[in-house]
Number of protein chains: 2
Amino acid sequence: MVRAVTLKDIARETGVHVSTVSRALDPRARDSLTDEVVARVTETAQRLGYRPNRLAAGLRTKRTKTVGLIIPDITNPLFPPIVRGVESVLEPAGYVSIIVNTDGRRDRERFQMQVLMERGVDGVVHAAVERDDPYFDDIRQQSLPIVTVNRALDFDGVPGIVNDEAAGITAMFRLLHDAGHRRIAHIAGPQQLSTGVERLEAFRAAARDYGLDVPEYYISRSEMFVFEEGYRCAEQLLSLAKRPTAILAANDRLALGAMRAIDDQGLSCPEDVSVTGFNDSDYLELIKPGLTTVRVDKTGVGQRAAETLIAMLENPEAERPKRIVMPIEAVTRESVAPPKAD
Amino acid sequence: MVRAVTLKDIARETGVHVSTVSRALDPRARDSLTDEVVARVTETAQRLGYRPNRLAAGLRTKRTKTVGLIIPDITNPLFPPIVRGVESVLEPAGYVSIIVNTDGRRDRERFQMQVLMERGVDGVVHAAVERDDPYFDDIRQQSLPIVTVNRALDFDGVPGIVNDEAAGITAMFRLLHDAGHRRIAHIAGPQQLSTGVERLEAFRAAARDYGLDVPEYYISRSEMFVFEEGYRCAEQLLSLAKRPTAILAANDRLALGAMRAIDDQGLSCPEDVSVTGFNDSDYLELIKPGLTTVRVDKTGVGQRAAETLIAMLENPEAERPKRIVMPIEAVTRESVAPPKAD
DNA sequence: TTGTATGCGTTATCAC
DNA sequence: GTGATAACGCATACAA
């Protein structure tokens with residue numbers, strides 16, 4: 001930190017008291033002062049290059065205009081656009097964010113939450129929640145405002161901005177079914193994440209709606225939303241006697257892993273096996289075959305999350321939304337084709 | 001912010017004075033106290049779940065254990081690994097970072113720097129500097145410790161962690177030359193960035209070393225390191241009467257744009273035109289043909305930058321390094337092939 | 001070895 | 001309308 005211009009300096013310079021300077025610089029208190037004083041103070045502040053010390057203000061007011069942003073891993077391409085969305089709303093409102101990574105580990109989640117509390121964050125945008133984080137009870141008791149984004153908690157009380165998982169999965173299922181597929185397998189996401197369970201449930205529901213009886217061995221559960229797990233699960237599915245003709249993966253990274261596995265087995269996508277993803281990650285348009293997937297508005301969820309949090313901060317009494325579901329869009333590329341005749 | 005346990009609470013509970021509690025919790029002051037008191041205080045702190053208020057401490061000590069991290073745009077895949085590198089070093093040292101995006105705009109750079117100063121950051125890791133930022137003079141006078149990463153300033157006094165641009169470009173040039181190319185063009189990066197100029201200089205030097213006379217019209221200057229600019233510059237180069245057989249691009253995104261342009265002209269890479277990039281962005285292994293490029297240790301530069309900054313913070317008197325150059329590695333994939341016979 | 005007093009920069013609550 | 005004063009939570013120089 002660095003010696004900076006303070007209210008005291010301006011007070012000395014203008015010949016008024018510090019508290020007057022403080023008022024003159026506060027839009028809400030300004031009108032109790034003479035226009036002349038306000039003008040002199042603001043001019044001097046400008047001239048001296050005054051910048052408020054947020055630490056001191058925060059110490060006094062208990063509001064730091066800082067929010068925590070908890071994400072699993074910034075190198076996962078899903079999150080940078082969410083982060084930008086959050087910040088695009090925070091910045092004009094005068095907030096900054098402190099970003100912390102959990103790497104999907106619960107102990108780190110708790111630890112990082114403590115780190116944020118030490119810094120006196122006004123609230124938290126949480127993009128790394130697991131369905132049943134037990135420590136959330138504590139958090140709620142401390143009444144620290146939290147909004148989850150992309151994922152949701154199993155219980156209410158914490159607003160969550162999520163995507164329309166059901167619509168997305170249904171759209172992918174329909175695409176595959178319409179192309180003629182009847183042996184459709186699912187690579188499910190981790191079941192401790194809301195996205196994992198909801199997409200699996202939606203898959204089952206879609207199958208039911210289409211009157212398709214999907215055997216249990218057509219559902220392969222991944223441990224994490226990563227390429228390697230997609231590869232592993234796809235290998236399993238492809239080795240089945242009754243090989244599926246299509247794989248509906250719970251996200252893009254799983255889908256990419258599956259595509260690689262298909263390739264490595266001497267098969268090809270989409271001729272032998274069709275594949276779909278979820279998220280529409282940024283770089284997907286560059287790969288071949290283009291992955292048919294569900295586009296989610298990553299920036300949008302981030303923005304909504306930030307807006308929701310700020311609303312909670314500026315108006316603590318207002319009723320909090322429970323869950324905001326954002327619309328999705330199906331993106332058709334080349335990874336889906338009709339199944340080969342048997 | 002939320003009502004938390006303070007030193008005062010612990011003092012009341014243990015029957016000693018606040019200052020004693022403060023000392024007992026400070027490793028450097030601890031040894032001036034009775035073991036018994038230290039034990040009682042730490043036990044109580046533990047039990048009550050005490051967490052220091054960093055704002056108050058920072059207000060008092062002028063050190064917040066917070067650093068600013070200025071980047072152009074977190075959605076540019078080059079930066080997340082750098083950010084992780086920085087944080088992997090900051091976190092164990094008890095620091096957090098406030099990340100701000102400049103979008104490559106100077107006015108935003110200044111503004112964000114102000115934002116960081118208001119927050120009392122101890123120092124800044126700057127990944128978005130332009131070569132001759134004029135306001136850097138001010139900054140240096142304020143003696144706010146700064147380290148640049150990935151890019152460098154033209155003048156000394158601010159340590160910079162950079163990659164070995166010359167070695168990277170030379171390696172790509174050699175690959176192309178060894179494959180038989182003699183008509184090698186360059187898509188240069190923006191010349192207000194150190195990476196842009198240094199890679200262009202290195203290109204010229206390499207050509208000289210290989211006794212190749214590269215005409216000026218084989219050098220196409222991009223305005224930004226983006227796909228679209230790579231496309232535009234490549235179109236220019238491909239429309240030349242004496243079409244180059246290889247394009248050495250100043251980074252991966254320019255290279256990808258060039259590949260698309262080649263494709264759109266009915267040509268193919270690498271059969272008709274070879275292409276190389278720089279950075280080895282994360283998703284490159286997924287695209288076809290695989291891009292031959294320069295791998296830079298993104299996490300590594302981030303780590304070194306954080307280490308350097310922390311060293312400056314903890315030991316302000318020590319001499320500061322001027323420039324740290326990190327080694328690179330050539331990555332050979334499929335985008336380079338011998339030129340077609342004329 | 002421990003307690004007392006003070007101040008970091010700001011804002012809020014009093015007076016005048 | 002403006003000034004004086006206290007307090008936020010902590011760290012430290014000084015006393016005892």
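Every chain is numbered from 1 and lettered A, B, ... according to where its sequence line falls, protein lines coming before strand lines. The figures here come from the full heavy-atom set of this structure, side chains too, leaving out hydrogens, waters and symmetry mates.
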Using whole Å, what does the distance between atom [atom2] of nucleotide [N] and atom [atom1] of [X] come to?
X	N	atom1	atom2	value
R119(A)	dC10(D)	CZ	P	14 Å
R63(A)	dG9(D)	CZ	C1'	19 Å
L7(A)	dA4(D)	CG	C1'	15 Å
R12(A)	dG9(C)	CZ	P	11 Å
R30(A)	dG1(D)	CZ	C1'	16 Å
L25(A)	dG9(C)	CG	P	16 Å
H17(A)	dT11(C)	NE2	C1'	12 Å
N53(A)	dG7(C)	CG	P	18 Å

Closest to the side chain of R28(B), out of dT10(C), dT12(D), dG1(D), is dT12(D)
Is the phosphate of [N] approached by [X] (side-chain N or O, under 4.0 Å from OP1 or OP2)?
X	N	value
T34(B)	dT2(C)	yes
K62(B)	dG9(C)	yes
Y50(B)	dG9(D)	no
T20(A)	dG3(D)	yes

Say whether, by atom type as modelled, one donor and one acceptor occur between the side chain of [X] and the main chain of [Y] under 3.5 angstrom.
X	Y	value
N76(B)	L78(B)	yes
T64(A)	G120(A)	yes
Q112(B)	N101(B)	yes

ask   = When you look at R12(A) and D9(A), which way does the salt bridge (charged side-chain N to carboxylate O under 4.0 Å, His left out) test go after all the steps?
value = CA-CA 5 Å; R12(A) 194 182 320 106; D9(A) 298 320; 3.3 Å; yes
**OP:** Determine whether more than 12 heavy atoms belonging to other residues, nucleotides or ligands lie under 6.0 Å from atom CG of D31(A).
**Re:** yes
Base, sugar-phosphate or nothing for [X]? Non-hydrogen atoms, less than 4.0 Å.
X	answer
S22(A)	base
R23(B)	base
V18(B)	nothing

